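As C-alpha cells, the structure follows; a few thoughts come after it.
Whatever order the structure lists them in is the order used to number ligands and atoms, beginning at 1. Source: prediction; values computed, not measured.
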Amino acid sequence: MPRVYIKTFGCQMNEYDSGKMRALLGKDGFEATEELSDADVVLVNTCSVREKPEQKLHSFLGRVLPMKRQRRVTVGIAGCMAQVDGDRLFKKYPNVDLVFGPDAVSRIGEMVATAGTQRVLDTEFLGEEGYPFPSDVDPDASRRVGAFVTIQKGCDNKCTFCIVPATRGEEVSRPLADVLDEVRRLVDTGVKEITLLGQNVNSYGLKVPGHPTFAELLRAVAAMPGVELIRYTTSHPRDIGDDVVDCYRDLPNLASHLHLPVQSGSDRVLRRMKRFYTRAHYLEVVAKLRAVRPDFVLSTDIITGFPGESDADFDETMSLLEAVRFHASFSFAYNARPNTPALRLLDEAIPEAVAQARLERFQARQRQIALEEHAALVGTVQRVLVEGPSAHDEGVICGRTSTFKTINFPGDPATTGTWATVRVTRGFANTLRGERVEGSERVDE
Ligand code: SAM
Ligand code: SF4
Ligand code: F3S
C-alpha cells in the first residue's frame, strides 16, 4: 500500500484540509503514515499569515528533498503559501512535484497521479457555484473526541494587515445539508465535540438570499443526536448578532467559550486595520454573552506594533485586556505581508523593538490574568469531556471544560469520550490540575 505523510503548518483550516487530503488519498489506496522515511508521497501544508512559517517550509524541504536521491517519492507543497507564492516556489524548488492552493484540495488524487509523469501547479480559485467541499471524513477522526467541520471557505473582509483573502479567495458558505451530513458521519465514528470552522463564521449564508444563517446552523447542529459540545472559530466581532447570543441562552451543548479576535483596543488602530467595529461594540458583545452565561470565557488575537500604533493606542489594548480578562490569547507583533493594504502605512512603521516590548507586556499581563482566573477555580467542581491520556504523566488523563480549560487528573484512559466530574486542585497559566469526584456532586457554574 503506498503511504502518504502530511506535515501541517498554520491554523485549524490547514489541519482540516490535511485531514481531507488523507481521506481523499485513502480512497485511492493510500495509507497515512507518521514516519517520513516510509512515505511515497510527502505533502507540506503551508501557512503564510506571518513570515516565519516560510522559513519552516524551507527547513522541512531541506529534510525531504534529499530523500529523492535514494528512492522515488512525490513531494508537494500545499496551502496558503503555495496559493500566493505558487509560481515562485515552483521555480525555487525544481525537485518539488506539485504545488497547489487550498481550492485544489478536492483534486488531490488526480494531482498526485499526474505528478508521477509531470510537475503540477494548481493555484486556481474556484467560484461560489458548486464549490467542492469534500465530504469524506478524515480517517484519523475516529481516534479523537473532537473534530473540525468547515462551514465556509475564504473571506470577504479586507483587514489591512491580513493576507488570508489572497490565500483563500472569496467567502463561500457550505450548504447546511452538507455540514449536517459531515457532522453525522463524525458522530457515527464516535466524535463528541464539533468545532465549526470558517474565517468569519458569523457571516455564514448572508450572501445568498434565503440561506440559513449562522445562528440557524448552530441550532441545527445542536439538535443532532450525539453532538455533546459545539465550538466554532473564528468569529468576527462586527458580525456576531443577538441571534447568536440567544443560542447561548438556548443551547446547552454550545460551549461557554468564544475565541473573539479583537486585534487592538484602540478605535483609531481598529479603523486603520479596517475591522469595522469599535472597542465599545466589542465590550457590548462581551457583556451580552456574560449576561446569558456569567461564566463565559473569552480568548483573543492581538497584534502589537501595527503601523502608527502610539503608546496611547497600546495602553487602550492593555486596558481592554483588564476589562475583558482574556483567559488566553494568540498575540504577535505586526508583520508586513506582501500585497496587503497596510503596506501603504509603512512610513509609520513601529520599530521592531517597540512592537516586541509591547507584545511582551501584553503577554505577561495576560498570563497573570490566566493564573488569577485559574487560581479562583481551585476548589470548584467542573464537568469535563475526557480527551485521553496526558502527554506527560503516566496514569493521568486530561479533560476539557465547556469553557475550554484543560484539566489533568488521575484516571483511566478507557474513559476517553465520556464526561467526568472533577474538583480543581491547582491552577497553572494554561492548564488546571484536579481529582475526580462522584458524579452526583454539584457542578459549579
Ligand atoms: N479570521 C480571523 C479574524 O478575523 O480574526 C483571523 C484569521 S488570521 C488567519 C489569524 C490571526 O493572525 C489574526 O487574528 C491576526 O491576529 C494574526 N495576523 C494576521 N495577519 C497578521 C500580520 N500581518 N501580522 C501579525 N499578525 C497577523
Ligand atoms: Fe483576515 Fe480579517 Fe478575513 Fe480574518 S476577517 S481572515 S483577519 S481579512
Ligand atoms: Fe490559516 Fe495560515 Fe492560511 S493562518 S488560513 S493557514 S495563511
Side-chain angles (χ1 to χ4, degrees), residues 6-18 44-54 56-57 77-85 101-103 105 123 148 150-172 196-204 232-240 258-265 269-270 272-277 282 298-307 309 317 326 328-346 349-350 352 355-356 358-359 362-363:
I6 307 183
K7 174 83 183 166
T8 308
F9 295 115
C11 66
Q12 294 100 326
M13 309 265 163
N14 266 13
E15 269 184 57
Y16 179 80
D17 287 348
S18 292
V44 50
N45 203 356
T46 58
C47 172
S48 197
V49 75
R50 283 171 293 272
E51 214 170 346
K52 209 159 168 207
E54 303 203 15
K56 289 190 195 160
L57 169 69
I77 306 175
C80 289
M81 201 198 316
Q83 181 66 44
V84 282
D85 248 347
D103 278 16
V105 162
T123 52
F148 297 129
T150 203
I151 66 164
Q152 175 190 62
K153 86 102 191 171
C155 181
D156 285 351
N157 288 327
K158 293 185 176 53
C159 305
T160 53
F161 52 81
C162 184
I163 200 169
V164 171
T167 71
R168 297 257 166 189
E170 65 170 314
E171 179 188 298
V172 181
L196 305 169
L197 289 184
Q199 288 299 347
N200 184 8
V201 292
N202 301 110
S203 65
Y204 175 79
Y232 57 88
T233 194
T234 311
S235 254
H236 193 294
R238 177 196 54 199
D239 298 321
I240 184 161
L258 184 61
H259 185 68
L260 193 59
V262 67
Q263 316 297 356
S264 167
V269 173
L270 288 173
R272 289 159 64 94
M273 288 177 164
K274 289 214 181 345
R275 291 288 289 180
F276 298 112
Y277 53 83
Y282 189 92
L298 285 125
S299 55
T300 200
D301 291 349
I302 292 288
I303 296 177
T304 64
F306 185 74
E309 182 190 65
T317 298
F326 295 109
S329 65
F330 294 102
S331 45
F332 294 93
Y334 169 71
N335 187 217
R337 303 305 291 133
N339 301 319
T340 51
L343 296 184
R344 284 198 301 273
L345 304 172
L346 279 185
I350 301 301
E352 228 175 281
Q356 192 59 31
R358 287 178 186 165
L359 181 66
F362 179 86
Q363 289 176 336

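- Asn202 and Ser235 form a side-chain donor-acceptor contact under 3.5 Å, judged by distance and modelled atom types alone.
- Looking at atom 7 (C) of ligand 1, its nearest protein heavy atom turns out to be Gln199 OE1, 3.3 Å.
- Looking only at side-chain heavy atoms (C-beta outward), Asp85 and Thr46 stay at 4.5 Å or farther from each other.
- Under the 4.0 angstrom criterion for non-hydrogen atoms, Ala333 is in contact with ligand 1.
- For atom 20 (N) of ligand 1, the closest non-hydrogen atom of the protein is Phe161 CD1, 3.3 Å.
- Around atom 3 (Fe) of ligand 3, protein N, O or S atoms at less than 2.8 Å number 1.
- When non-hydrogen atoms are compared, ligand 1 lies under 4.0 Å from the side chain of Arg337 (C-beta onward) but not from its backbone.
- When each atom of ligand 1 is checked for a heavy atom of Val164 under 4.0 Å away, the hits are 9 (C).
- Ligand 1 has an N or O atom lying under 3.5 Å from an N or O atom of Gln263, backbone or side chain.
- Note: His236 and Tyr277 meet the aromatic proximity criterion, with ring centroids under 6.0 Å apart.
- Distance from atom 11 (C) of ligand 1 to its nearest protein heavy atom, with residue and atom name: Asp301 OD2, 3.4 Å.
- Closest to atom 5 (S) of ligand 3 among all protein heavy atoms lies Gln199 NE2, 3.3 Å.
- Remark: the Ser264 side chain and the Glu309 side chain contain no N/O donor-acceptor pair separated by less than 3.5 Å.
- Only the side chain of Ile303 comes within 4.0 Å of ligand 1, counting heavy atoms alone; its backbone N, CA, C and O stay farther away.
- Atoms of ligand 1 found under 4.0 Å from any heavy atom of Pro261, numbered from 1 in the order shown, are 5 (O).
- Taking every non-hydrogen atom of Arg275 and a distance limit under 4.0 Å, the qualifying atoms of ligand 2 come out as 2 (Fe), 7 (S).
- The residue Thr340 has no part lying near ligand 1, judged by heavy-atom distances below 4.0 Å.
- Among Ile302, Ile303, Ile350, the single residue meeting the side chain to side chain contact (heavy atoms under 4.5 Å, CB included) criterion with Arg358 is Ile350.
- With a 4.0 Å heavy-atom cut-off, ligand 1 is reached by the side chain of Arg275 but not by its N, CA, C or O.
- Side chains of Asp17 and Asn45: no donor on one and acceptor on the other come within 3.5 Å.
- For atom 1 (Fe) of ligand 2, protein N, O or S atoms closer than 2.8 Å were enumerated as Cys162 SG, with waters left out.
- Taking atom 23 (N) of ligand 1 as the reference point, the nearest protein heavy-atom neighbour is Asn335 O, 2.7 Å.
- Residues Thr167 and Ser48 have side chains that never bring a donor and an acceptor to within less than 3.5 angstrom of each other.
- Cation-pi contact between Arg272 and Phe306: absent, since separation from the ring centre below 6.0 Å together with deviation from the ring axis within 45° is not met.
- Remark: minimum distance from atom 12 (O) of ligand 1 to any protein heavy atom is reached at Arg50 NH1, 3.5 Å.
- Within the 4.5 Å cutoff, the side chain of Arg275 has heavy atoms near those of the Pro261 side chain.
- Not a single heavy atom of Asn200 sits under 4.0 Å from any atom of ligand 1.
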